[in-house]
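Note sheet for the following structure.
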There are 2 protein chains.
Amino acid sequence: MDPQQEKAQQTPHVVIVGGGFAGLYAARELAGAPVRITLVDRRNHHLFQPLLYQVATAALSPADIAEPIRHVLSRQRNVRTLLAEAAAVEPAQRRLRLADGYALDYDFLVVAAGATHSYFGHDEWARFAPGLKTLEDALEIRRRVLTAFERAEADPDRQRREALLTFVVVGGGPTGVELAGALAEIARFTVPRDFRTVSTERARVILIEGSERVLPALPASLSAAAQRDLERLGVQVWTGKRVTGIDPRGVQVGEERVAARTVLWAAGVAGAPLARTLGVPLDPAGRVPVSPDLTVPGHEEIYVVGDLALARDKHGSAIPGVAPAAIQQGRHAGRNLLATLRGRPRAPFVYFDKGVMATVGRGRAVAGFWRIRISGYLAWLAWLFIHIWFLIDFRNRASVLFQWFWHYLTFKRGARLILETPEEIRFRAVAGVAPPDVDAWPPNESDAERPRD
Amino acid sequence: MDPQQEKAQQTPHVVIVGGGFAGLYAARELAGAPVRITLVDRRNHHLFQPLLYQVATAALSPADIAEPIRHVLSRQRNVRTLLAEAAAVEPAQRRLRLADGYALDYDFLVVAAGATHSYFGHDEWARFAPGLKTLEDALEIRRRVLTAFERAEADPDRQRREALLTFVVVGGGPTGVELAGALAEIARFTVPRDFRTVSTERARVILIEGSERVLPALPASLSAAAQRDLERLGVQVWTGKRVTGIDPRGVQVGEERVAARTVLWAAGVAGAPLARTLGVPLDPAGRVPVSPDLTVPGHEEIYVVGDLALARDKHGSAIPGVAPAAIQQGRHAGRNLLATLRGRPRAPFVYFDKGVMATVGRGRAVAGFWRIRISGYLAWLAWLFIHIWFLIDFRNRASVLFQWFWHYLTFKRGARLILETPEEIRFRAVAGVAPPDVDAWPPNESDAERPRD
């Protein structure tokens, strides 16, 4: 073994699982440190998740909010990026098994594998109500929403048209509120003039929240402001209601049946399955309860950060799964790791709460920081500024700003593309509905809901 | 039947199949005319096909070069857009059957269904060598190219790494030349610093053309200029060679075997299958030989335009399948259709040849108009100007310009995303290669081709 190689072998190997905010900031904190880092992700891109709903609602393109992880880290020479899926941690061997059969030996492991959707024991709902965690999810939601309008335009049956123009969003947190607001804007402002038969303005958007108010993590006054803004856009906000069934034709809400062809899931999250291999008890949501220094109890060489971690603030409350928390935890894990290398004690993690924000359509938002509560246009400007600021790469920042500005001026949405062969356009045959006589289609002009102008 | 409805029934019904250049310009030519138009396309978007290779090579996003057809036509009130797949024409009944079981009765039919790939009788090659006609094709090519670099970075076997870093483009027309040039640029300028183990600059890009020179439709001096520019970028140009086999491991070129994991097809096109239902003989490429007025012989109410038409210029040469020809033919069909409605004779189509252009990487192109032949930077500026000019919507124009400018300044490519779950990362298991000992991976530092800096 030549001296250089020997030296490389002696340098501690840090393996980071996940290139989201937590993993990325952990890697960055270790820039210049005497470690070899391998960052493993099954996607090639870092995703700016707070703007994902804008891809789902056709305002932005995937590339506007994503960047190859290896490119983000290209100048940090002690990092290697590896496109691979982490299959299992073997804590006793200090080894990470990959899905392709290979494995990585580590000296330190930072698990930032994030969270996935939870359907509260009803995994069969996933097919009918996609959630929003990845770019693929966003494109699937976009495809369903745009296809619903297309199908409604072509369908001669009024009842089916109404079900096609009913959009149900389950879950009234920030993602649900943002999705519902954007859907209402699309139906009312973006697409009406493009259609001839259907009146897209009559589309129903229903937001269902189990607790007594939307945005339950925010102060009550902001929940009320958000609900008012949503209702002004035409969204029906149903609070204190639970979804008890979802199928291809609609949603069951207790006694009530809602015929809807598009249902989106923004309700529950669950920790990534990798957590189960750590050999420690998890909380009911599949998260890893971490020690105050963010390590796994009994394994001071394993950190868990981001949405997968169940960390607690000084009052004992769980720290929420939001981007600022992930960033702070990633950095803190990096710092503690360096402290250990230098023989110093690890510090407990202290969460700096930057508040919560949510947009409610064009030019409206709610935001709460400490005791400050703002809503309306000012909150939206704050939201805009903060999100653009945090977009990592300049190109993305400028491009996103440009798209928004254009979209704001024109009510257009620049990315209204249905990709994939739209097999769904054969829906009538699939649904077993016999085609009517040829003459009955296209719907007669008199059948159209929209006056010709 | 009320009077308004009766009047609507009397208005001639024009059905247009296809929302590409030909179909779109036919519809536009009929703006304000006393006809009801139904434009049928199985995609929801019009695609600016000349820039599709830029999506495939991660410089642009799909939304930059596509726009919903119904949005492009939203102000033209005599058009309805229908997302549906045309299955068969029934000329005797003047009826278009749709794949979903419905049908449209027409008074006039404009078939602008375009072309698809042709593998010259080797359809089994399609899986290993995707072509470039749709946005889905472009995203698939992008995924393969970017995944090849990722796999090469992770693969401990030198021989497989080399196959992963070999890219073969079959077909030396404009698409093949543009793809090959862009691939060489990615490998040499865009990604090198992002990788740690592989030297992407050593990637081989091979362009294979069956005839004696690339861009055979252009004057020989321009072919020579294009080849010189390609070779300057490191592309190996093989002319006068035919591919005789393609499989997952590579390409057979006569006696020669090229180990390559990424093969792209830019060689043959074939008319859309819908043409077979018109009941007229087709040419060997599946195109419809049309009368001088662009109607189908024996059916003066059916026009065929764009890539699907085999029209001839005054010298008897086939008019090429390029965007300007499609635009001119679409417009001409619209004008002839109006003439018939007004009881006037139809005019023969006269092709105005605007020449052919192709870019060869950053800042280089070749262009031929009439007797003018330019190459190099000036040709590239002309290419840029013309393509941006023709992008239909302002937003796209500005956004594309912005992306190019940024890309030009920085050599970056803004859309380097691998979408879909990258199942390919399990390639080693799939390929039946036993994982080596854990210690052998990741490749030792000394095994890396790239010096650490």
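Letters A, B, ... mirror the listed sequences (proteins, then strands); counts begin at 1.
To the nearest 0.5 Å, the span separating CZ on A:Arg193 from CG on B:Leu73 amounts to 13.0 Å. Rounded to the nearest 0.5 Å, atoms OG1 (B:Thr190) and NE2 (A:His71) are 9.5 Å apart.
Within the 4.5 angstrom heavy-atom criterion, only backbone atoms of B:Gln76 (N, CA, C, O) approach chain A. If you measure heavy-atom distances from A:Thr134 to chain B, you find no contacts under 4.5 Å at all. If you measure heavy-atom distances from B:Ile69 to chain A, you find no contacts under 4.5 Å at all.
Counting heavy atoms from C-beta on, the side chains of B:Tyr102 and A:Pro156 come closer than 4.5 Å. You'll find the side chain of B:Arg80 reaches within 4.5 Å of the side chain of A:Thr197, heavy atoms only. Using a 4.5 Å heavy-atom threshold, the side chains of A:Arg70 and B:Glu150 count as touching.
Taking every heavy atom of both residues into account, B:Thr81 and A:Glu153 meet most closely at O-CG, 4.3 Å.
Remark: the backbone N or O of A:Val79 is paired with a side-chain donor or acceptor of B:Arg196 at under 3.5 angstrom.
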